[in-house]
There are 2 protein chains.
Amino acid sequence: MIKNSVYKGSLSTIVMKLLNDNGQMYGYQITREVEEITAGKLKITEGALYPVLHKLEAQGLLNVNMEKVNNRPRKYYFLTEKGKKETVSLLSDMRSFIQNMEVLLNPGISNG
Amino acid sequence: MIKNSVYKGSLSTIVMKLLNDNGQMYGYQITREVEEITAGKLKITEGALYPVLHKLEAQGLLNVNMEKVNNRPRKYYFLTEKGKKETVSLLSDMRSFIQNMEVLLNPGISNG
DNA sequence: AAAACATACCTAAGAATCTTATGTATGTTT
DNA sequence: AAACATACATAAGATTCTTAGGTATGTTTT
């Protein structure tokens, strides 16, 4: 994902947050959505995304809803109850990380 | 580094920013400093830090100044000119990443 | 003075995450 | 017909981190 990797490890969080907001999405849609939301600055590669989706499903955080649109299969993913709880936790972790980075990047400034 | 890893890939940036602000630091000091600045929330492990310091040195981004204090050796690291330029770039990338994450985490809110 | 803790360096195996490259298949546009 | 877009997928390799050690000296506690 993302050209210039300062940021490994945030892909699962991004995916789950999107599913949390949109109900259900399919893989290709996620790649388009992230690119659109960030004005092309973040690019998720499919080679990173699909394995993550499979992993999250294996962990019981996502479920799949298979559909056929225009004679092509689509796999809609959505959060399980366990996945919703995990999303809350991951978002909390991400906000903590960002706050910590703000403190490190802006020392001496009241970060609050 | 950091217990709860949403965030791989930011260790080099953190290290170089600290060296940029403090002139020179030694490894153990960096682990203490990060823990102090973030009130114990970010913990850099030595198993992660030392290989990074060696890698940055090999890339010509850091130089070393060996000293002996209390009969123990200390390796003070400091940024080269190349390292200073790279730090500017890494900090820019990190700020972009944080901004992009803000947009993703807070959709529909004017992030500016 | 022995034990425990802190300082200060280091490496190596393995796990986790991503990049790059590639593959399949269908539909749409040039 | 060729190129592009949609939609899925995997696999080799690179990078980054965790975990678990190891060495050595100085300081504090028992």
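Residue numbers begin at 1 in each chain, while the letters A, B, ... track the order of the sequences. Hydrogens, waters and symmetry mates play no part in the numbers below; they use all other heavy atoms, side chains included.
A straight line from CD of A:Glu46 to P of D:dA5 spans 13 Å, rounded to a whole angstrom. To the nearest angstrom, C1' of C:dA8 lies 11 Å from CG of B:Asn70. In this entry the distance linking CG of B:Asn65 with C1' of C:dC9 reads 16 Å, nearest Å. In this structure, NZ of B:Lys55 is placed 16 Å from P of C:dC10, rounded to the nearest angstrom. Atom pair A:Gln24:CD and D:dA7:P shows a separation of 14 Å (rounding to whole Å applied). One atom, CG of B:Leu49, and another, P of D:dT16, lie 14 Å apart when rounded to the nearest Å. C:dT7 atom C1' lies 12 Å from atom OH of B:Tyr76, rounded to whole Å. Following rounding to the nearest Å, B:Glu35 (CD) and C:dA8 (C1') show an atom-to-atom distance of 16 Å.
Annotation: of the two residues near DNA chain C, B:Gly27 and A:Asn71, the 5′-most nearest-nucleotide partner is B:Gly27. When each of B:Arg32 and B:Lys75 is assigned the nucleotide of DNA chain C with its nearest heavy atom, B:Arg32 is the one assigned upstream, toward the 5' end.
Secondary-structure stems of DNA chain C, taken as three or more successive Watson-Crick or G-U wobble pairs (i with j, i+1 with j-1) under a 3.5 Å distance threshold, comprise C:1-30 with D:1-30.
Across all strands shown, A:Gln29 has no heavy atoms under 4.0 Å from either base or sugar-phosphate atoms. Heavy atoms of A:Lys68 sit nowhere under 4.0 angstrom from any nucleic acid atom. When heavy atoms are screened at a 4.0 angstrom cut-off, B:Arg74 is found touching the sugar-phosphate backbone but no base atom.
By the 4.5 Å heavy-atom criterion applied to side chains, B:Gln29 and B:Tyr76 are counted as neighbours.
Ionic pairing of B:Arg74 and B:Glu67 is not present here: no N-O contact between side-chain nitrogen and carboxylate oxygen is shorter than 4.0 angstrom.
Side-chain N or O atoms of B:Ser96 include one that pairs as donor or acceptor with a backbone N or O of B:Ser92 at under 3.5 Å. Judged purely by atom type and a 3.5 angstrom limit, B:Asn20 has no side-chain atom pairing as donor or acceptor with the backbone of B:Met16.
The two residues A:Tyr77 and A:His54 make their nearest non-hydrogen contact at OH-CD2, 3.7 Å. Contact detail for B:Tyr50 and B:Tyr28: the closest heavy-atom pair is OH-N, 3.7 Å. Smallest separation of non-hydrogen atoms from B:Lys17 and A:Leu104: CE-O, 3.6 Å. The shortest non-hydrogen separation linking B:Met94 to B:Ser10 is CE-CB, 3.5 Å.
Of the listed nucleotides (C:dT20, C:dA6, D:dA5), C:dT20 has the atom at the smallest distance from the side chain of A:Thr45. Checked against D:dA9, D:dC17, C:dC10, the side chain of A:Tyr77 finds its nearest nucleotide in D:dA9. Residue B:Tyr28 places its side chain closer to C:dC9 than to any other of C:dT26, D:dA5, C:dC9. Distance from the side chain of B:Tyr26 is smallest for C:dC9 among the nucleotides D:dC17, C:dC9, D:dA7. The side chain of B:Pro51 approaches C:dT11 more closely than any other nucleotide in the set C:dT11, D:dG26, C:dC10.
OP1 or OP2 of C:dT11 has at least one side-chain nitrogen or oxygen of B:His54 nearer than 4.0 Å. Put simply, B:Tyr50 has no side-chain N or O that comes within less than 4.0 Å of OP1 or OP2 on C:dC10.
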